[in-house]
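Protein chains get the first letters and strands the later ones, always in sequence-line order, with residue 1 at the start of each. Because only heavy atoms are used, hydrogens play no part in the values below, and waters and symmetry mates are left out as well, while side chains stay in.
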Amino acid sequence: MKLIEAIIKPFKLDEVKDALNEIGIEGITVSEVKGFGRQKGHTELYRGAEYVVDFIPKIKMEIAVSDELVSKVVETIQNIAKTGRIGDGKIFIIPLEEAVRIRTGEKGSDAI
Amino acid sequence: MKLIEAIIKPFKLDEVKDALNEIGIEGITVSEVKGFGRQKGHTELYRGAEYVVDFIPKIKMEIAVSDELVSKVVETIQNIAKTGRIGDGKIFIIPLEEAVRIRTGEKGSDAI
Amino acid sequence: MKLIEAIIKPFKLDEVKDALNEIGIEGITVSEVKGFGRQKGHTELYRGAEYVVDFIPKIKMEIAVSDELVSKVVETIQNIAKTGRIGDGKIFIIPLEEAVRIRTGEKGSDAI
Amino acid sequence: MKLKLYLASIMLVVMAGLAPIAAMAEEKKDAAPTVSAAEATPAAATAAATPAPEAAAPAEAAPATPPDVKPVLNTGDTAWMLVSSALVLLMIPGLALFYGGMVRQKNVLSTMMHSFVAMGIVGVQWVVIGYSLSFAPDLNGMGLIGNFSKVMLNGLIVMKDAASGTVEWTLFQNYTKEPGAIPELVFAMYQAMFAMITVALISGAMAERVKFSAYCVFVLLWTTLVYDPLAHWVWMTEGWLFKKGALDFAGGTVVHLSSGISALVFLAFLGKRHGYPTERMAPHNLPLTLLGVGLLWFGWFGFNAGSAIVGVNTSDAAGGLAGLAFTTTMIAPAAAGLSWMIAEWIHSGKPSALGFGSGVVAGLVVITPAAGFVQPGAALIMGVAAGLVCYGGILIKAKLKYDDSLDAFGVHGIGGTFGAIMTGVFATVGATGLLAGNAKQLMTQLIAVVAAGAYAVVVTLIITFVLDKTIGLRVEKEDEIMGLDQTQHSESGYNM
Amino acid sequence: MKLKLYLASIMLVVMAGLAPIAAMAEEKKDAAPTVSAAEATPAAATAAATPAPEAAAPAEAAPATPPDVKPVLNTGDTAWMLVSSALVLLMIPGLALFYGGMVRQKNVLSTMMHSFVAMGIVGVQWVVIGYSLSFAPDLNGMGLIGNFSKVMLNGLIVMKDAASGTVEWTLFQNYTKEPGAIPELVFAMYQAMFAMITVALISGAMAERVKFSAYCVFVLLWTTLVYDPLAHWVWMTEGWLFKKGALDFAGGTVVHLSSGISALVFLAFLGKRHGYPTERMAPHNLPLTLLGVGLLWFGWFGFNAGSAIVGVNTSDAAGGLAGLAFTTTMIAPAAAGLSWMIAEWIHSGKPSALGFGSGVVAGLVVITPAAGFVQPGAALIMGVAAGLVCYGGILIKAKLKYDDSLDAFGVHGIGGTFGAIMTGVFATVGATGLLAGNAKQLMTQLIAVVAAGAYAVVVTLIITFVLDKTIGLRVEKEDEIMGLDQTQHSESGYNM
Amino acid sequence: MKLKLYLASIMLVVMAGLAPIAAMAEEKKDAAPTVSAAEATPAAATAAATPAPEAAAPAEAAPATPPDVKPVLNTGDTAWMLVSSALVLLMIPGLALFYGGMVRQKNVLSTMMHSFVAMGIVGVQWVVIGYSLSFAPDLNGMGLIGNFSKVMLNGLIVMKDAASGTVEWTLFQNYTKEPGAIPELVFAMYQAMFAMITVALISGAMAERVKFSAYCVFVLLWTTLVYDPLAHWVWMTEGWLFKKGALDFAGGTVVHLSSGISALVFLAFLGKRHGYPTERMAPHNLPLTLLGVGLLWFGWFGFNAGSAIVGVNTSDAAGGLAGLAFTTTMIAPAAAGLSWMIAEWIHSGKPSALGFGSGVVAGLVVITPAAGFVQPGAALIMGVAAGLVCYGGILIKAKLKYDDSLDAFGVHGIGGTFGAIMTGVFATVGATGLLAGNAKQLMTQLIAVVAAGAYAVVVTLIITFVLDKTIGLRVEKEDEIMGLDQTQHSESGYNM
Ligand SMILES: Nc1ncnc2c1ncn2[C@@H]1O[C@H](COP(=O)(O)OP(=O)(O)O)[C@@H](O)[C@H]1O
Ligand SMILES: Nc1ncnc2c1ncn2[C@@H]1O[C@H](COP(=O)(O)OP(=O)(O)O)[C@@H](O)[C@H]1O
Ligand SMILES: Nc1ncnc2c1ncn2[C@@H]1O[C@H](COP(=O)(O)OP(=O)(O)O)[C@@H](O)[C@H]1O
């Protein structure tokens with residue numbers, strides 16, 4: 001199993017989620033993060049002072065999948081989340097040793 | 001060492017934390033996440049419009065533990081966080097190559 | 001490649017980020033987390049009731065790096081984030097199997 | 001549980017209190033001269049612009065009697081009463097914020113709705129029946145409730161003096177011999193706002209677990225069965241407590257005591273919130289709460305200084321008596337905010353913003369019954385005491401382990417009672433209290449407190465019991481954990 | 001699209017409506033006696049303290065004629081009008097919160113700025129030219145617009161009665177024969193606030209996508225070209241709709257109908273928000289919205305009860321008529337909040353807080369034109385209907401699929417129209433409506449509605465068309481997704 | 001540092017300014033005729049309902065002298081002053097929001113508490129001693145401070161005219177010969193609110209680092225030693241600046257200049273926030289700040305239009321002069337909001353909501369001393385200038401690198417000074433300024449500014465120095481980083 005972590009642009013969340021559902025992914029965990037990268041932030045004005053907001057709001061998705069699904073999931077995310085402009089984000093693939101469903105105690109691929 | 005990542009129902013946080021403390025776990029890192037899974041969200045009403053809120057608020061706990069503690073921790077979380085109803089969450093076990101305590105520079109199991 | 005996860009004190013974020021930039025790290029993903037550990041929280045007063053707030057606000061940084069950079073990054077974070085007082089935080093090193101840049105489809109070290 | 005024991009002992013005290021009430025009810029003939037005597041003494045620096053003999057008139061004149069002088073509109077008084085009415089209305093959103101900021105995020109809307117929906121329900125109830133029950137002529141001459149002659153605000157718009165050829169609006173009739181007056185509709189609206197806010201105060205005890213439908217029915221029943229009669233007793237010239245000379249300038253017994261004690265009764269049936277007291281239930285948005293405090297203080301100037309209109313010793317709504325009530329309404333909360341804050345500073349080590357704000361509200365509650373009866377110095381003392389007493393009031397909660405979520409009883413019940421009694425101690429303007437040598441007034445105040453409290457307790461017990469057995473008071477445990485916003489109203493306060 | 005079709009049919013109705021207008025314009029000579037007759041009948045329980053013969057004076061007295069009686073300052077009336085002016089001003093921040101809480105977080109400041117900047121732009125415009133266009137003597141005797149004699153509030157501070165040796169402020173001139181009056185400056189300020197808020201209401205339709213620069217220009221043009229003439233038509237004694245006897249107590253047609261219908265026109269050019277209606281666009285901060293409702297209700301007492309000053313049948317701003325308007329302004333929103341809430345409860349299964357709040361606003365809108373003309377009972381009926389009609393109004397949006405973000409048309413357009421027509425049905429105080437046997441009044445109301453609506457539609461169409469072709473109405477799609485706060489104002493609402 | 005140099009030069013200017021003061025102090029005999037002459041000219045369109053000869057009376061009548069006419073309560077004036085007092089009180093929560101929204105989340109409560117606790121401390125201080133120091137008869141005839149005769153508001157409730165048999169409240173005594181008046185208690189309360197808010201304004205400079213205990217002591221000392229004397233100088237008929245003819249309608253020098261300049265002095269000891277100016281310190285909740293702007297504007301109508309009561313040329317609180325002050329208080333902030341916004345648009349590329357809001361406050365500050373003395377046109381010019389000058393004022397901060405967190409000096413210090421001086425330029429109503437040919441008035445204004453500024457600087461220096469050496473002004477660095485809410489008050493603003 002792998003844990004796929006994808007950093008994407010917030011407004012793509014709904015589309016990506018729907019696409020993953022379509023290819024059979026049933027569970028996703030999402031959090032709001034701030035990204036620093038090549039994409040530059042904006043400036044803000046307050047009482048004559050200008051602040052550069054150097055982080056960009058991003059969405060982090062975590063998806064545990066069995067090995068055979070990895071490439072399909074990565075591909076899907078890539079296709080949908082891509083706008084072609086800087087700041088589209090990253091996908092990281094992390095080895096996952098075990099997964100447990102708390103409700104039933106199921107383990108491994110059954111759990112996800 | 002392993003990094004244990006548990007997605008649980010928010011109102012179980014306090015209980016789980018206390019139980020982990022009891023079995024000797026001293027450090028935990030927690031964040032608020034949104035879960036998509038089998039459990040379905042609720043609908044909201046605004047001016048005649050109905051929106052389906054399809055994510056469920058969840059808590060993500062991250063706990064770095066030495067190998068021998070893994071099963072005990074997993075068991076504890078499972079026992080306490082379980083309500084038996086859909087949406088109880090998952091536990092993921094990720095390999096951890098190294099851990100460092102910033103304050104002292106200690107490494108490995110000493111650091112956690 | 002490794003995924004470096006660092007839990008640090010919030011007010012150190014800017015310094016650490018700048019230091020990492022200097023050693024050539026271009027991308028970082030940051031989130032707000034709550035830490036439970038040796039450092040103790042504060043109490044709050046509300047209408048005669050006292051609540052102990054037992055979590056401490058922390059910042060979690062995630063940085064994907066190629067293997068050769070790992071030690072440099074860990075060192076940098078350690079140096080900058082260290083105050084010497086309890087609660088300075090942890091650095092975790094997790095194996096990373098693959099990284100993908102969504103915009104271009106680049107893989108591996110090129111992607112980060 | 002402890003709480004039920006507590007209630008039982010309250011009931012006992014109440015019963016004991018009913019004896020002297022019955023006894024004194026006999027001597028109501030004597031009451032009128034007592035009052036007018038108090039007014040005639042030069043020591044009572046009254047605000048009446050009319051000579052003393054006429055000042056006694058209100059008590060005598062039956063409302064059916066045609067006016068002796070043609071009432072003339074006083075635009076200044078009317079302007080002030082229009083404003084005061086609007087100010088009291090604003091207190092209700094103020095209360096919604098005060099309460100709403102103190103609950104957990106998942107219940108903010110449901111808590112605010114408790115106040116808002118009271119504006120809706122009581123707003124309609126008051127027009128249909130409430131004003132008539134409170135301020136129409138007495139139903140049966142016993143001073144217990146008004147008749148139905150003013151249902152639908154009937155008769156508040158009529159030609160009053162057709163004979164003289166001038167078309168006129170009905171003016172406020174309590175003081176038919178006064179040369180200046182306000183339209184009765186304005187008075188009716190001013191009183192409407194009082195009815196709205198009183199029941200909303202109770203909701204503080206129910207927050208975070210009450211069923212919305214049950215709450216709505218409660219609002220309607222409580223206002224009709226508890227508030228309307230109490231208002232008649234105390235503020236209508238024919239009410240039995242009014243005739244007995246009980247002093248309640250702007251609602252210490254009618255508003256605060258009655259709502260606070262009813263909150264306690266409701267709690268006995270409702271029970272504690274899930275997780276109380278172990279779970280951390282910190283206020284989710286204190287800036288909203290502080291804004292609420294600000295709006296409450298602002299609106300309270302209308303509440304107290306506007307009440308000069310019902311004072312026995314004044315002809316002017318916007319005159320010296322209003323000035324005095326305004327003054328004490330500035331002093332007491334300022335002093336109470338400080339005393340609560342300092343008590344907390346000493347007791348717990350830090351002065352909290354919520355503590356200061358709560359003290360301000362406590363000061364406002366305590367000065368309410370006394371606002372136009374006491375001198376600035378007395379207001380200062382009452383204010384300091386208010387902060388300390390109500391701070392103590394919320395500490396009791398931790399002892400007795402009942403769960404008055406937002407301290408409706410701790411602040412309004414205790415503060416209202418304390419204020420009503422202190423009025424009997426400190427009164428010097430237009431009435432005399434204990435310190436001015438009139439021990440009888442203090443006794444009258446005690447009777448009023450016990451009578452109003454007893455009545456509120458008994459009727460609320462019945463209402464709550466019935467609701468509990470029928471609709472049910474409380475949401476499911478699961479729904480409570482999910483939050484009332486989602487489960488009762490299908491929405492969430494914030495989407496940030 | 002459907003929306004354009006809808007607009008086309010509105011235009012048709014409007015054109016059809018212009019025929020009777022033209023026809024009835026001929027009989028304007030007859031209108032005056034009609035009004036004075038209505039006043040003379042005893043059935044019309046009017047508030048005039050002056051005998052009936054003098055009550056007809058306002059219609060006759062040309063503003064240039066020297067006053068017959070030396071005006072005397074009435075401090076009570078002045079106090080109430082000062083307060084009312086401040087209250088109406090407060091409605092604008094209230095509206096900013098009401099609207100601001102309902103948008104997504106990324107647009108909260110831009111939405112609030114729509115209301116705030118209207119205070120700036122219209123505040124200056126009103127002083128420079130607006131007041132004169134609205135309330136100066138008629139430009140050409142056709143009752144269409146004021147002349148330039150009061151530009152820069154010229155002449156509102158002068159010695160009025162130098163002969164008698166006393167130095168005096170100009171008093172409000174509509175009723176020169178009244179013995180009590182207020183300084184005209186106060187009247188000018190009261191009306192200034194109405195102008196500010198009216199255009200701000202429209203912004204609800206534009207939220208989350210309009211370009212800030214285009215909005216600013218729109219505010220200036222719309223106020224000058226649409227609002228100022230309409231105010232002259234309806235509220236100036238020389239305005240053609242005033243002379244025709246159209247009833248609009250506090251702005252049903254001038255304020256709500258005109259802004260609501262103009263919002264709809266603007267939408268036809270502006271288009272839907274990106275993602276509408278599939279994306280979830282839940283209100284980001286409902287406690288702010290509820291606070292906004294509270295401030296709006298509070299301020300609306302100034303809006304409606306303050307408007308007794310322009311009523312034909314009163315000499316007193318702070319008198320019985322104000323009391324009546326205050327009363328109906330309490331009743332209708334209370335009832336409408338409940339009826340909307342209950343409709344939603346039945347229709348969707350849950351009573352939402354936003355629903356109750358929206359109902360309150362709907363009730364306020366509907367009662368506005370009728371506030372001083374109807375009895376409490378009628379206000380109750382109108383309130384209940386208001387909640388239902390406007391709830392229906394927002395459901396239509398889902399059907400027709402236009403994107404009126406915050407329901408400026410659904411609440412103000414539909415509610416304003418409904419209220420103006422119902423005034424012709426329920427009026428019994430100082431005028432008579434259909435139910436009192438005067439079908440003609442209903443016809444007059446329909447004419448006023450059609451005329452004001454048609455005028456607003458046509459002129460707004462032109463303004464919007466021009467702006468669309470020049471500055472452009474809408475921000476770039478990317479900017480819209482990023483949020484207007486960041487892209488139009490370079491700031492963000494929250495940094496938490 | 002630069003800041004200390006800056007202060008030193010201010011001191012120098014001040015010293016230089018003292019020379020002409022001393023010089024002109026000699027000619028105070030001449031001042032009175034100058035004023036009365038101005039009033040007598042027909043050009044000065046004054047609001048006095050009394051003939052000119054009597055208008056000069058206030059300056060003559062000693063407060064101990066029995067009144068020549070029996071004062072009669074004017075309910076309209078009283079109503080307006082009651083409302084104005086409440087409005088000014090509401091400005092303080094308004095300020096709490098305005099400031100509270102601008103700080104970082106961790107300091108929101110502590111910042112709001114700075115305003116709220118000022119209500120508590122000054123509320124009590126005013127009653128005990130403050131009112132007497134400010135408005136009791138002169139202590140030693142030098143016009144510097146009041147005596148102790150009104151301690152505890154003593155004597156404000158007495159029978160005033162026992163001889164005639166009527167019982168009466170003391171009325172406002174400045175104008176004993178006026179036939180209409182308000183209860184002195186109402187005047188005392190109105191002034192209480194001014195004292196509260198003035199010191200709260202200073203807190204803007206201290207936000208996010210001051211020690212709460214030190215702040216509380218500062219509030220008490222500053223109000224007693226700086227504010228009370230200044231109020232006596234400028235607003236009491238016996239004050240030396242009042243006698244000299246300095247114009248300050250509603251507090252340009254007494255309130256804004258004094259608080260702004262004191263803020264600057266405090267800063268010299270307090271130092272910058274940790275991380276300033278490199279760290280991003282963006283406002284955490286701008287909707288709260290905008291709401292604060294709305295409440296401030298609303299309340300400011302009481303602040304300015306209520307101040308007609310202290311004007312030399314009026315007998316009516318709710319009359320033409322109030323109307324004029326209301327008008328200018330609408331115009332100036334509207335214009336200033338726009339001019340600040342446009343300046344920013346041009347200068348930084350975007351018009352920010354905070355910019356517009358700050359402009360509104362700047363406009364309110366600048367028009368305050370002039371509100372009842374200038375025509376609408378002048379208000380427009382002053383408003384436009386206000387936005388530009390204060391926008392410049394905050395840019396200076398970036399240059400001089402002091403850390404006035406929320407621009408207490410930049411807006412109130414600079415705006416107040418500018419407004420006071422401009423009053424000497426534009427005054428035409430009830431007084432004449434430079435443009436009306438009276439250069440002397442401008443000189444008088446400069447003297448008042450320099451005198452008030454110098455006095456505030458010197459006394460604040462001493463207070464701050466003492467506090468710094470004893471309690472210490474500033475929290476520990478660690479506490480500052482953790483936030484004042486947690487470390488000073490043991491609570492947190494939000495738990496969301
Ligand atoms: N090495 C990295 N480790 C962790 N997160 C990263 C890394 N590089 C980029 N990111 C995340 O990906 C986001 C997008 O990266 P950026 O460099 O802006 O554009 P792009 O994805 O087009 O290369 C960043 O905002 C950050 O959240
Ligand atoms: N494959 C997955 N990858 C990551 N998170 C998941 C995955 N499946 C479930 N989750 C998380 O676990 C939560 C609970 O899952 P759900 O399917 O609703 O119920 P259950 O845990 O009972 O199977 C989800 O809300 C989501 O946060
Ligand atoms: N075993 C662990 N697993 C995950 N996070 C941990 C663990 N131990 C500590 N942490 C995180 O590190 C933070 C600092 O730890 P703490 O014990 O307070 O001090 P120190 O870092 O000085 O040892 C904690 O607040 C928590 O967020």
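- Here B:Ile94 contributes atom CD1 and C:Ile94 contributes atom CD1; the two are 6.0 Å apart, rounded to the nearest 0.5 Å.
- Once rounded to the nearest 0.5 Å, the distance linking CD1 of B:Ile63 with CZ of C:Phe36 reads 11.0 Å.
- Contact of B:Ile28 with chain C is made through backbone and side chain together, with heavy-atom distances under 4.5 Å.
- For the atom pair C:Phe55 CZ and B:Lys17 NZ, the distance stands at 10.0 Å (nearest 0.5 Å).
- Put simply, CD1 on B:Ile102 and NZ on C:Lys12 are 10.5 Å apart, with the number rounded to the nearest 0.5 Å.
- With chain C as the partner, the residue from B:Gly27, B:Gly105, B:Pro95 showing the most heavy-atom pairs under 4.5 Å is B:Pro95.
- Between atom CD1 of residue C:Ile7 and atom CZ of residue B:Arg101 there is a gap of 13.0 Å, rounded to the nearest 0.5 Å.
- Heavy atoms closer than 4.5 Å to chain B are found nowhere in C:Ile4, neither backbone nor side chain.
- In this structure, B:Thr104 OG1 and C:Ile86 CD1 are separated by 10.5 Å, a value rounded to the nearest 0.5 Å.
- In this structure, the portions of C:Lys82 lying under 4.5 Å from any heavy atom of chain B include both its backbone and its side chain.
- A donor-acceptor pair is defined here as one N or O able to donate and one able to accept, closer than 3.5 Å; such a pair exists between the side chain of C:Lys90 and the backbone of B:Ala111.
- For C:Asn79, no part sits under 4.5 Å from any heavy atom of chain B, backbone or side chain.
- Of the atoms belonging to C:Val70, not a single heavy atom falls under 4.5 Å from chain B.
- Note on C:Glu32, C:Gln39, C:Lys60: by heavy-atom pairs under 4.5 Å with chain B, the leading option is C:Lys60.
- Looking at B:Leu96, the atoms closer than 4.5 Å to chain C (heavy atoms on both sides) sit in the backbone and in the side chain alike.
- If you measure heavy-atom distances from B:Lys107 to chain C, you find no contacts under 4.5 Å at all.
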Can you check side chain to side chain contact (heavy atoms under 4.5 Å, CB included) on B:Glu62 and C:Glu5, steps first, answer last? CA-CA 11 Å; B:Glu62 286 171 280; C:Glu5 188 177 310; 2.8 Å; yes

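- Side-chain contact between C:Lys58 and B:Thr29 is absent, with no heavy-atom pair separated by less than 4.5 Å.
- Contact annotation for B:Ile112: both backbone and side-chain heavy atoms come within less than 4.5 Å of a heavy atom of chain C.
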